[in-house]
Amino acid sequence: MEKTFQPADIETRWYQEWESKGYFAPQGGDEAYSIMIPPPNVTGSLHMGHGFQEAIMDALIRYHRMAGYNTLWQVGTDHAGIATQMVVERQLEAKGISRHDLGREEFIKKVWEWKEESGGTITRQLRRLGSSLDWSRERFTMDEGLSNAVQEVFIRLYKEGLIYRGKRLVNWDPVLHTAISDLEVISEEEQGHLWHFDYPLVGGEGHLTVATTRPETMLGDSAVAVHPEDERYAHLIGRMVELPLTGREIPIIADDYVDKEFGTGCVKITPAHDFNDYEMGKRHGLPLLNILDDNAAIGSDAPEAYFGMDRFEAREKIVADLDALGLLNKIDDHTLKVPRGDRSGVVIEPYLTDQWYVDARELAKPAIAAVENGDIQFVPKQWENTYFAWMRDIQDWCISRQLWWGHRIPAWYDDDGHIYVGESEKAVRAEHKLADTISLSQDNDVLDTWFSSALWTFSTLGWPEETEDLKIFHPSSVLVTGFDIIFFWVARMIMMTLHFRKEVPFDTVYVHGLVRDAEGQKMSKSKGNVLDPIDLIDGIELEPLVSKRTAGMMQPKLAAKIEKATRKQFPDGIAAYGTDALRFTYFSLASTGRDVQFDIGRIEGYKNFCNKIWNAARYVMMNCDGEDCGQDESLPFDRSLADRWIVSRLQEIESDVARCVASYRFDLASQALYEFIWNEYCDWYLELSKPVLWDDNASPEAKRGTRRTLIRVLETWLRLLHPLMPFITEEIWQTVAPLAGKSGPTIMLQPYPVADDSAVDSAANADIEWLKGVIVGVRNIRGEMNIPPGKELTVLMKNGGEEDQRRLTQNAPFLRKLAKLDEVTWLDTTEEAPVAATALVGDLEILVPMAGLIDTEAELARLAKETEKLEKDLKRLQGKLGNSSFIDKAPAEVVEKERDKMQAQEQALQKLKEQEQRIRNI
RNA sequence: AGGACUAUAGCUCAGUUGGUUAGAGCGCUACCUUGACAUGGUAGAGGUCCCCAGUUCGAAUCUGGGUAGUCCUACCA
């Protein structure tokens with residue numbers, strides 16, 4: 001074995017081996033366990049947040065696969081309608097071509113080409129992360145099978161009246177030229193103005209002043225509203241005002257939506273360009289005047305003077321024109337929430353168009369019930385509230401998008417605007433007995449990507465066919481996801497799956513935190529603060545990292561900011577840590593919190609952990625390879641105290657890990673393993689094995705017993721650790737397993753260790769604690785007295801009981817070796833002890849004679865420190881036990897425990913004081 | 001505006017139903033190339049558990065209020 005662990009050498013090798021041998025496919029078994037991957041965008045790439053999520057899923061999958069479940073991890077990607085179309089359009093733009101130049105068919109061909117070209121990025125990343133996905137079943141939302149499922153669902157929902165088409169105000173993206181759903185609109189506070197305009201009353205005698213943040217919409221005003229109880233305006237309700245610049249007259253209406261306190265208490269109403277106004281317009285039967293076109297420029301229904309102007313240009317002109325007319329009352333600075341498209345970043349316009357909707361209210365009912373009655377459980381449970389809050393106030397879901405890339409809506413129109421929904425034009429004609437003379441044209445729009453993602457758990461398994469896979473693997477066991485897509489995806493999956501399968505899509509939703517950058521920001525492509533997990537695995541120099549992170553940034557200002565942050569955060573680039581270290585870091589951070597702040601210091605530590613594991617195995621192999629490790633079960637062997645202890649601890653760790661995984665606490669699981677491997681197996685057990693293995697006088701039985709334990713415990717914890725660190729465990733296991741009497745082509749299909757409670761040995765645990773106590777006591781004296789570690793000491797023991805004596809006799813060789821002693825002598829109570837430095841283990845006094853070794857002053861100082869600590873603690877205990885209400889009210893065993901503690905402390909203090917006296921008397 | 005979450009060592013985080021001397025890693029200090037590992041070993045230093053009040057024999061933990069931060073939902077033209 002190499003002296004240090006070199007991850008790069010082994011990772012790709014093992015992954016190829018596993019994949020080519022088909023180990024990732026379901027292996028059979030009575031009980032199924034399945035996870036459907038949240039499909040990443042096919043043309044995107046994974047960042048640290050994805051890496052985190054994949055690591056968790058892989059751990060769950062590997063764990064259950066080893067535990068004997070029939071395990072499926074379904075892999076696939078989605079087509080990300082808007083994002084993908086944008087990327088391809090931008091590429092064409094660079095060549096001066098628009099998608100309209102190409103035409104729909106040619107354009108879609110280009111998108112497919114791009115998908116083929118870029119789709120490999122994600123799958124490559126997934127492989128490097130060690131994800132044990134069943135690649136033979138890879139799916140894509142635009143595949144034929146999944147497209148059929150989408151069509152089937154659309155047609156059925158339409159026929160059931162749960163999908164409808166309607167002219168509504170939608171969130172319109174004037175750059176992407178499509179409607180988007182509420183969830184795709186991000187509203188953030190921005191600095192703007194509040195313009196106050198005077199609208200003259202028809203018939204003279206004054207005006208009303210209205211305020212607006214979007215002056216250009218005044219061209220489409222249908223009314224001015226005031227509060228019905230507003231005395232200032234009550235007498236004007238029903239009268240008309242002149243709408244400047246348009247030559248129109250509009251009524252003054254009363255509606256209690258108006259806030260009397262805000263502005264002047266008069267609101268201009270633009271039903272075609274504002275969601276609230278739209279509702280009010282409906283209540284009052286106001287006309288809808290659309291003054292914009294698809295680009296959000298002023299449309300042909302507006303006054304000619306503004307026709308064709310961009311909305312912001314028009315805004316300026318309208319303000320200027322009103323000013324010229326003396327109707328601009330004032331302009332105030334104003335902070336307002338500006339809605340922007342999450343993809344394009346441009347200001348979204350409420351815009352009147354024909355769109356398709358899903359009646360979400362109806363579908364939500366059973367979806368709410370499924371979580372209420374526990375058919376689906378969220379972990380952590382608090383997320384159920386988020387889910388309920390949204391579901392109980394759900395809005396109809398706008399599912400049509402004015403894009404070319406996506407599932408085209410299976411609806412046809414005749415010249416009279418009748419709608420026919422079906423799987424093809426032919427089918428529609430047949431169903432409705434339409435004559436060939438009637439011309440039909442298909443709806444130009446496609447469906448929201450989330451519409452197809454909502455079917456993911458069952459469409460990937462072959463639905464609408466009743467496949468064997470559906471029967472076995474659906475519902476899936478758990479959905480692993482971030483809380484940011486509970487609404488987008490989780491809720492919609494639950495609704496669709498319940499409706500079409502009459503069963504839940506998954507039993508559990510495990511909601512993990514979101515990975516943040518050093519400033520606590522969520523990682524996202526558009527912010528440019530993403531980190532590629534592969535860069536932590538392989539490492540990357542600063543310059544390539546900077547150019548990678550700033551590549552493709554639209555705004556130079558943002559690019560400069562990212563560059564600066566990158567240079568500050570990673571002045572020397574990023575070192576290569578390997579996949580196992582990265583994964584272990586993820587697990588250690590996977591607690592119940594919402595935020596995961598990735599810390600480079602931690603991955604560094606876990607890289608060292610990998611090296612520790614590697615070297616522990618190296619030590620074991622050096623001592624076991626070619627030796628008798630007890631593979632032959634008929635040969636006798638003796639087990640040392642340490643052997644019994646480490647086997648006992650192993651059982652406890654096994655049940656800890658099982659408990660942690662069952663509750664999705666990978667942070668606790670990883671910590672338990674870390675502590676066991678490093679602090680118990682390496683620090684103590686390996687050290688305790690040396691006195692046996694290196695002792696020429698030790699019996700063959702003892703050596704056999706220790707080697708047997710050494711190798712078997714190692715082999716077991718490798719399996720225990722494998723779901724978290726797949727590569728290093730596999731590499732080591734291959735050489736270790738045969739010596740432990742195990743065989744098999746791979747660790748990943750070996751049984752997962754299960755605790756054997758009968759092997760828990762509390763006597764051994766107690767004896768080892770004693771041994772550790774004595775060793776640490778001596779080391780402590782050595783450390784504080786500056787006695788060189790190599791200097792062998794003579795130690796005397798005093799005042800102990802029979803148990804101490806037994807432990808000493810049985811473990812003297814271990815004690816001598818680990819505490820570097822040349823002699824240990826038991827003093828009878830009658831014997832006079834020499835002046836010595838002292839440590840206490842219970843009643844037992846450990847004496848290190850001072851002659852020539854120990855500086856009196858230093859020892860006194862050490863004792864004083866100890867004494868002070870004890871006195872402080874004792875005071876606290878005395879206070880507690882002196883309090884009669886504590887004695888009366890606290891449970892008896894708690895009181896008893898405190899009493900024992902106090903007694904022990906008192907005795908210890910007593911001994912320290914005697915010791916101090918003795919030293920002073922020299 | 002409503003709601004949720006977070007606040008523990010210099011940094012990143014644990015702390016299970018209230019009962020510890022409040023823990024881990026990194027970082028820091030001192031010593032050590034002892035035959036697995038200097039990516040290491042040994043021994044240390046370091047905390048007003050955000051603040052205030054309450055419940056309790058006992059609060060990092062429960063309740064109320066406040067402060068700071070993050071997020072979600074809905075929004076006033």
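Lettering of chains follows the sequences in order, A, B, ..., and the numbering in each one begins at 1.
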Candidate pair A/Lys897 and A/Asp900, rule salt bridge (Lys or Arg N to Asp or Glu O under 4.0 Å), full reasoning: CA-CA 5 Å; A/Lys897 209 171 118 194; A/Asp900 288 350; over 6 Å; no

Side chain to side chain donor-acceptor pair (under 3.5 Å) assessment of A/Glu675 paired with A/Gln671: CA-CA 6 Å; A/Glu675 277 173 9; A/Gln671 204 189 339; 3.1 Å; yes

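As judged by a 4.0 angstrom heavy-atom cut-off over every strand, A/Tyr674 is placed among residues touching the sugar-phosphate backbone only. Looking at heavy-atom distances under 4.0 Å, A/Trp390 makes no contact with the nucleic acid at all. Residue A/Glu687 is in base contact, counting any heavy-atom pair closer than 4.0 Å across all strands shown. Across all strands shown, A/Asp259 has heavy atoms under 4.0 Å from base atoms, whether or not it also approaches the sugar-phosphate.
Listed pair A/Lys690 / B/A36 meets the phosphate criterion, a side-chain N or O lying under 4.0 Å from OP1 or OP2. At B/U34, none of the side-chain N or O atoms of A/Lys791 fall inside 4.0 Å of OP1 or OP2 (strictly under the cut-off). In terms of phosphate contacts, A/Arg618 brings a side-chain nitrogen or oxygen within less than 4.0 Å of OP1 or OP2 of B/C37.
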B/S/- contact track for nucleotides 7-18 of chain B, protein heavy atom under 4.0 Å: -----BSSS---

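By the 6.0 Å and 45° rule, A/Lys690 stacks over the aromatic ring of A/Tyr619.
If A/Ser187 and A/Pro891 are placed on RNA chain B by their nearest nucleotide, the residue sitting closer to the 5' end is A/Pro891.
Under the 3.5 Å distance criterion, the side-chain polar atoms of A/Arg311 are left unmatched by any main-chain donor or acceptor of A/Arg214. Not one N or O on the side chain of A/Asp198 forms a donor-acceptor pair closer than 3.5 Å with the backbone of A/His207.
Partner A/Trp678 forms a ring pair (Phe, Tyr, Trp, His ring centres under 6.0 Å) with one of A/Phe676, A/Tyr674, A/Tyr681 and no other, that one being A/Tyr674.
Per the geometry, CD1 belonging to A/Ile600 stands 13 Å off P belonging to B/G27, to the nearest Å. The CG atom of A/Asn883 sits 18 Å away from the P atom of B/G19 (whole-angstrom rounding). Atom CG in A/Asp888 sits roughly 10 Å away from atom P in B/C57 (whole-Å rounding).
Between A/Asp580 and A/Arg583 no salt bridge is recorded (no basic side-chain N to carboxylate O distance below 4.0 Å). Between A/Lys268 and A/Asp221 there is a salt bridge, with a side-chain nitrogen of the basic residue lying less than 4.0 Å from a carboxylate oxygen of the acidic one. Between A/Lys901 and A/Glu898 there is a salt bridge, with a side-chain nitrogen of the basic residue lying less than 4.0 Å from a carboxylate oxygen of the acidic one.
Residue A/Phe483 and nucleotide B/A4 are not classified as a stacked aromatic pair, given the requirement of ring centres less than 5.5 Å apart at an interplanar angle below 30°.
With a 3.5 Å limit on both pairing distances and Watson-Crick or G-U wobble geometry required, the stems of 3 or more pairs in RNA chain B span B:1-7 with B:67-73, B:10-13 with B:23-26, B:28-32 with B:40-44, B:50-54 with B:62-66.
A/Lys3 is linked by a salt bridge (Lys or Arg N to Asp or Glu O under 4.0 Å) to nothing, counting only residues two or more places apart in sequence or in another chain. Under the rule for a salt bridge (Lys or Arg N to Asp or Glu O under 4.0 Å), A/Arg899 has no partner lying at least two apart in sequence or in another chain.
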Sort me out a list of protein N/O and nucleotides 39-43 of chain B N/O pairs below 3.5 Å, or just none if empty.
unit_1	atom_1	unit_2	atom_2	d
B/U39	O4'	A/Asn608	OD1	3.1
B/U39	O2'	A/Asn611	ND2	2.9
B/G40	OP1	A/Asn608	ND2	3.2
B/G40	O3'	A/Lys612	NZ	3.1
B/G41	OP1	A/Lys612	NZ	3.1
B/G41	OP1	A/Trp678	NE1	2.7

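Of all the residues in residues 330-339 of chain A, A/His334, A/Leu336, A/Lys337 reach under 4.0 Å from RNA chain B with at least one non-hydrogen atom.
If you take atom C1' in B/U8 and the same atom in B/U29, they sit 24 Å apart, rounded to whole Å.
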